[in-house]
Amino acid sequence: MVTEVFTRKYCDPHAVRDEKVEATEVIQFAWDGAVREVDACSDCKKEYDTRFEPLFDYSRPVKKRRATTKPKTEDSAPKADSPASSEESPAEPADA
């Protein structure tokens with residue numbers, strides 16, 4: 001005998017407030033480079049659309065960022081007030 005199991009999805013924004021409202025919509029968004037979903041009721045979906053839908057007009061695709069080089073440490077960069085920077089470098093002639 002086969003029986004069907006029905007599971008209800010509840011609205012996640014309402015579940016945070018310990019309310020059980022049946023979800024009828026799904027909201028998708030990107031977070032940390034991954035697409036995520038939230039179950040939502042129709043009221044929460046409408047609120048989401050009115051708050052964030054206008055931002056889509058101004059949005060742009062995310063470009064892959066270049067690998068950053070290691071920042072220079074204070075020890076490797078000469079300071080203006082240090083005695084090493086006031087000396088002439090060996091590449092420059094002293095007579096010139």
Taking all non-hydrogen atoms of both residues, which atom of Thr24 and which atom of Ser42 are closest, and how far apart? OG1-N, 3.7 Å

Of all pairs that satisfy ring-ring contact (aromatic ring centres under 6.0 Å, His included), the ones with a partner from residues 27-53, not counting sequence neighbours: Tyr48-Phe52

Side chain proximity check, Cys44 to His14, heavy atoms < 4.5 angstrom: yes

Could you pull out all residues at least two apart from Arg36 that satisfy salt bridge (Lys or Arg N to Asp or Glu O under 4.0 Å)? none

Taking the side chain as every heavy atom from C-beta outward, state whether Val26 and Asp39 have any pair of such atoms under 4.5 Å apart. yes

Kindly compute the distance separating CD (Glu47) from SG (Cys41), expressed to the nearest 0.5 Å. 9.0 Å

Spatial distance of atom CD (Glu25) from atom NZ (Lys9) [nearest 0.5 Å]: 9.5 Å

